[in-house]
Participant: 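Below is the structure I would like to discuss, written out as structure tokens.
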Amino acid sequence: MNVYEQILHNRAAGRKMIAVLLDPDKCPAAGIGTLCRRVSAAAPDFVFVGGSGGVQAVDGLVASLKARLSVPVVLFPGSAAQFSARADALLFLTLISGRNPEMLIGQQVSAALAVRRSGIEAIPMGYMLVDGGRLSSVERVSGTRPIGRDALDEAVATAVAGELLGLRLLYLEAGSGALQSVPAEMVRRVRQAVSVPLIAGGGVRTVEQLHSLLDAGADLVVVGNHFERHPEEMAAFCREAHGISGDDAALHSGRRP
Ligand code: 1GP
């Protein structure tokens, strides 16, 4: 099963998912063994790799992870330069909440031929930046405005447009280190409007936030910063995510997962 098939399979089985996000700039080679032992013990569904580092840092980290982990390693790139053919899959994302052509299609054109040549599984993903309570690095680097926390109709319309365009995943992003994670009500409304798998991330620091996002209809939640500060909590978060029944979540959201 490839990564997208695993996501669909888990979703069909009512199994919620969690991904650990690793920033190549914050993963020194000396600590990689300890990090991988912790990840293996916690057993998240995926490890996402992405950040502001260059291609060399990404490729080196992916190689180290692939040598030590059985969990799939998925690229979540900040730019076309962040590519490694050694990863299991690439989130081929387009920033559909923004109006910057470079982030909508420019970076994708730059990366396209290398991605195709590598043969890596590329999953087309609509990336939606949502106000997380402070200026995020995505907002700064992309030069785009986030969707307001109360702008539920805009979020729904953006998600539906992404699905109509053929994107196969949607990611609601509050920004790395956000003060507030994506509002659960926004996740719920988007979940009701689209059928593609839904990812939420940014600013998740507690199991209650994790639970709330999954319960609202997210299929997968991504946690990065919190595990850098509290790696010992990785296992508890993974247990929490995997303990949530998709059917229970569907009852709350009024829609089957
Ligand atoms: C950022 O959504 C991810 O792209 C994760 O954010 O680092 O705040 O968990 P955090």
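Counting starts at 1 for both ligands and their atoms, following the listed order.
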Participant: When you look at Thr144 and Glu139, which way does the side-chain hydrogen bond (donor to acceptor under 3.5 Å, both in side chains) test go after all the steps?
Facilitator: CA-CA 5 Å; Thr144 66; Glu139 181 177 355; over 6 Å; no
Participant: Tell me the side chain to side chain donor-acceptor pair (under 3.5 Å) pairs involving residues 105-122, sequence neighbours left out?
Facilitator: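 Residue pairs passing side chain to side chain donor-acceptor pair (under 3.5 Å), neighbours aside: Glu102-Gln107.
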Participant: Using heavy atoms and a cut-off under 4.0 Å, could you grab the residues that are in contact with ligand 1, chain by chain, numbers ascending?
Facilitator: Leu21, Phe76, Tyr171, Glu173, Gly175, Ser176, Gly177, Gly201, Gly202, Gly203, Val223, Gly224, Asn225
Participant: Please check: side-chain N/O of Arg68 versus main-chain N/O of Ser64, any donor-acceptor pairing under 3.5 Å?
Facilitator: yes
Participant: Can you tell me if Asn2 has over 12 outside heavy atoms packed within less than 6.0 Å of its CG?
Facilitator: yes
Participant: How is the hydrophobic cluster of Tyr127 composed, in terms of its other members, when Ile, Leu, Val, Met, Phe, Trp and Tyr link through side-chain heavy atoms under 4.5 Å apart, directly or indirectly?
Facilitator: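 Listed partners: Val3, Tyr4, Ile7, Leu8, Met17, Leu21, Phe46, Phe48, Val74, Phe76, Leu91, Leu93, Leu95, Met103, Ile123, Met125, Leu129, Val138, Leu169, Tyr171, Ile199, Leu220, Val222.
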Participant: With ILVMFWY side chains joined below 4.5 Å, transitively, what does Val109's cluster contain besides itself?
Facilitator: Ile105
